[in-house]
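Here the structure is laid out as structure tokens; the discussion comes afterwards.
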Amino acid sequence: MTNYVINSKPVVSIIIPMYNVEKYIDKCICSVLNQTYQNFEVICVDDGCSDNTLSYLRDYKDHRINIIRQQNRGLSGARNTGIRNARGVYIALLDADDYWAVDKLEKHIAHLNRNPQVDVSYCPSLFVDDDNKQLGIGQFPKLNNIDAKTIFCRNPVGNGSAPVIRASALEKVAFHDETRSWRQYFDENLRQSEDIEMWLRLALYTQATFAGIPEPLTYYRVNASGLSANLQKQYQSWETAVNKHRRSHAQFFKQCGSLARAYQLRYLSRRAVQSRNTSAALKLIHQALFTDIRILFEEPGRTALTWCCALTSLLPKSLYNRAEKLAMRTVGQSNKHPAG
């Protein structure tokens with residue numbers, strides 16, 4: 001284990017936004033403090049917590065943990081506060097309800113050090129439930145040869161707890177919103193789809209290089225409230241996020257816009273399946289196919305599986321759960337793309 005020198009500048013700044021996460025914060029923080037790579041600082045941003053999150057956090061007497069309190073500004077606002085206060089060469093994002101494998105930082109830092117051209121290093125993620133039980137499924141994205149089309153259509157980063165990013169890359173796409181006095185990295189006008197907007201901005205405006213490592217090092221929590229969220233609102237948020245760049249990159253959107261929209265609709269269909277919203281699932285997968293039939297030719301297995309899952313969600317719950325788990329395991333092992 002690498003020793004940490006108190007007065008040295010940390011190599012990695014870990015940004016953890018917190019909003020009423022008392023149930024999860026211990027697992028999250030322990031996964032950070034137990035890392036095999038130890039030259040880091042932890043910036044925990046209290047984004048207006050009203051529960052006992054801070055009480056749990058104060059039990060940790062590690063000098064590397066810094067707590068910043070602010071009024072609620074949402075996930076983007078909390079991340080931005082953390083990034084502005086970060087001292088590390090690398091920025092690691094970790095949502096407070098997720099957690100990491102013990103060697104995550106070690107492997108990402110080695111990846112970035114070996115590949116100075118890489119701006120965003122990410123990894124596959126395994127899904128867990130509220131009790132930290134692995135669900136046997138996850139996100140297994142494409143790892144190399146990532147272009148702007150891949151980012152737009154398939155979002156290989158997957159989720160906000162997977163990436164470790166060069167701080168210099170984030171500075172290149174930072175901006176000032178005329179309604180706010182502080183520098184923004186993630187767009188605080190977005191309450192959803194802020195991740196894909198950031199990755200797309202990095203890809204389109206700076207030609208940032210994205211690359212993954214093969215080991216699943218992130219544990220991403222799937223909970224009932226997330227699955228049952230308003231699907232139409234999610235879709236509208238995605239449209240708002242990506243449309244920010246339509247005018248400045250008209251040719252790119254002409255080539256990829258309908259395909260990316262079809263993939264997003266297919267992803268939402270799977271979310272509807274998981275929340276047992278059969279009518280929405282069928283509507284969304286058919287809408288995806290009508291939007292751009294290329295999803296059937298580019299990923300026939302996943303597209304057909306989504307349609308089948310939408311149909312089998314009519315089965316009794318016990319039979320459906322077994323069928324879905326078997327199907328997701330099969331696809332997760334054979335098709336190295338995000339579960340969407």
Side-chain angles (χ1 to χ4, degrees), residues 10 12-33 40-88 91-100 128 130 132 159-163 165 167 170 173-198 218-230 233-234 236-238 240-241 244:
V12 189
S13 297
I14 302 166
I15 311 301
I16 304 179
M18 305 183 306
Y19 181 72
N20 293 346
V21 287
E22 62 180 11
K23 182 176 180 180
Y24 310 116
I25 194 62
D26 277 331
K27 185 70 173 178
C28 176
I29 292 296
C30 285
S31 79
V32 170
L33 298 182
F40 59 75
E41 65 177 351
V42 189
I43 303 177
C44 297
V45 182
D46 169 18
D47 194 40
C49 291
S50 58
D51 65 353
N52 293 316
T53 298
L54 288 181
S55 298
Y56 284 100
L57 193 58
R58 291 189 181 113
D59 288 339
Y60 295 92
K61 306 303 180 184
D62 194 302
H63 64 273
R64 294 169 296 178
I65 298 176
N66 306 298
I67 302 173
I68 300 175
R69 305 189 67 177
Q70 65 181 32
Q71 292 183 340
N72 180 264
R73 299 211 322 258
L75 181 60
S76 292
R79 283 178 177 168
N80 287 344
T81 294
I83 294 168
R84 279 197 302 274
N85 286 276
R87 297 181 296 142
I91 303 295
L93 301 178
L94 176 57
D95 292 343
D97 53 349
D98 300 331
Y99 58 96
W100 287 341
V128 298
D130 251 16
N132 305 316
N159 63 79
S161 297
I165 312 163
L170 291 174
V173 293
F175 64 96
H176 281 94
D177 186 318
E178 62 184 16
T179 63
R180 297 179 173 91
S181 59
W182 51 80
R183 192 168 173 80
Q184 292 193 57
Y185 302 91
F186 289 88
D187 189 340
E188 295 185 29
N189 291 315
L190 299 173
R191 288 290 176 137
Q192 292 181 320
S193 300
E194 61 284 317
D195 288 356
I196 186 60
E197 191 279 327
M198 167 60 85
T218 298
Y219 294 92
Y220 177 76
R221 196 177 304 279
V222 179
N223 54 58
S225 61
L227 291 176
S228 61
N230 187 295
K233 184 177 179 181
Q234 291 183 49
Q236 290 173 348
S237 295
W238 180 87
T240 299
K244 283 183 57 182

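These numbers come from the heavy atoms of this one structure, side chains and all, not from hydrogens, waters or symmetry mates.
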Distance, nearest 0.5 Å, that separates [atom1] of [X] from [atom2] of [Y]:
X	Y	atom1	atom2	result
E41	R87	CD	CZ	4.5 Å
S31	I14	OG	CD1	8.5 Å
I83	Q184	CD1	CD	11.0 Å
I29	D62	CD1	CG	9.5 Å

To check you understand the geometry: which heavy-atom pair defines the closest contact between [X] and [Y], and what is its length?
X	Y	value
A92	V12	CB-CG1, 3.9 Å
G48	Y19	O-CE1, 3.5 Å
I43	I68	CG2-CD1, 3.7 Å
S193	Q234	OG-O, 4.2 Å
R58	K61	O-NZ, 3.1 Å
D97	R221	O-NE, 2.6 Å

By the definition side-chain contact (heavy atoms from CB on, under 4.5 Å), identify the one residue from N159, I16, L75 that meets it with D95.
L75
Audit row: V32, Y60, side-chain contact (heavy atoms from CB on, under 4.5 Å) steps and yes/no
CA-CA 12 Å; V32 170; Y60 295 92; over 6 Å; no
Let me see the working for T53 and C44 under side-chain contact (heavy atoms from CB on, under 4.5 Å), right down to the final yes or no.
CA-CA 11 Å; T53 298; C44 297; over 6 Å; no
Going by the rule ring pair (Phe, Tyr, Trp, His ring centres under 6.0 Å), which residues pair with Y56 if we only count those two or more places apart in sequence or in a different chain?
none
Check whether more than 12 heavy atoms from other residues, nucleotides or ligands sit under 6.0 Å from atom NZ of K244, and answer yes or no.
yes
Taking [X] for the side chain and [Y] for the main chain, is one N or O donor matched with an acceptor at less than 3.5 Å?
X	Y	result
S76	F186	no
N52	S55	no
N20	S50	yes
N85	T81	yes
D98	C28	no
S161	L94	no

How about [X] and [Y]: do any of their side-chain heavy atoms sit closer than 4.5 Å?
X	Y	result
N80	R183	no
L170	M198	yes
W100	T218	yes

Sequence neighbours excluded, which residues qualify as side chain to side chain donor-acceptor pair (under 3.5 Å) partners of Y99?
none
Would D46 and M18 count as a side-chain contact (heavy atoms from CB on, under 4.5 Å) if you check the C-alpha gap in whole Å, the side-chain angles of each, and the deciding distance to 0.1 Å?
CA-CA 5 Å; D46 169 18; M18 305 183 306; 4.1 Å; yes
Are R79 and D47 close enough for a salt bridge, meaning some N to O gap below 4.0 Å?
no
Salt bridge flag under 4.0 Å for residues D130 and K23
yes
Under the criterion side-chain contact (heavy atoms from CB on, under 4.5 Å), I'd like the reasoning laid out for D187 against F175: C-alpha separation, chi angles, the key distance, then a yes or no.
CA-CA 9 Å; D187 189 340; F175 64 96; 4.2 Å; yes
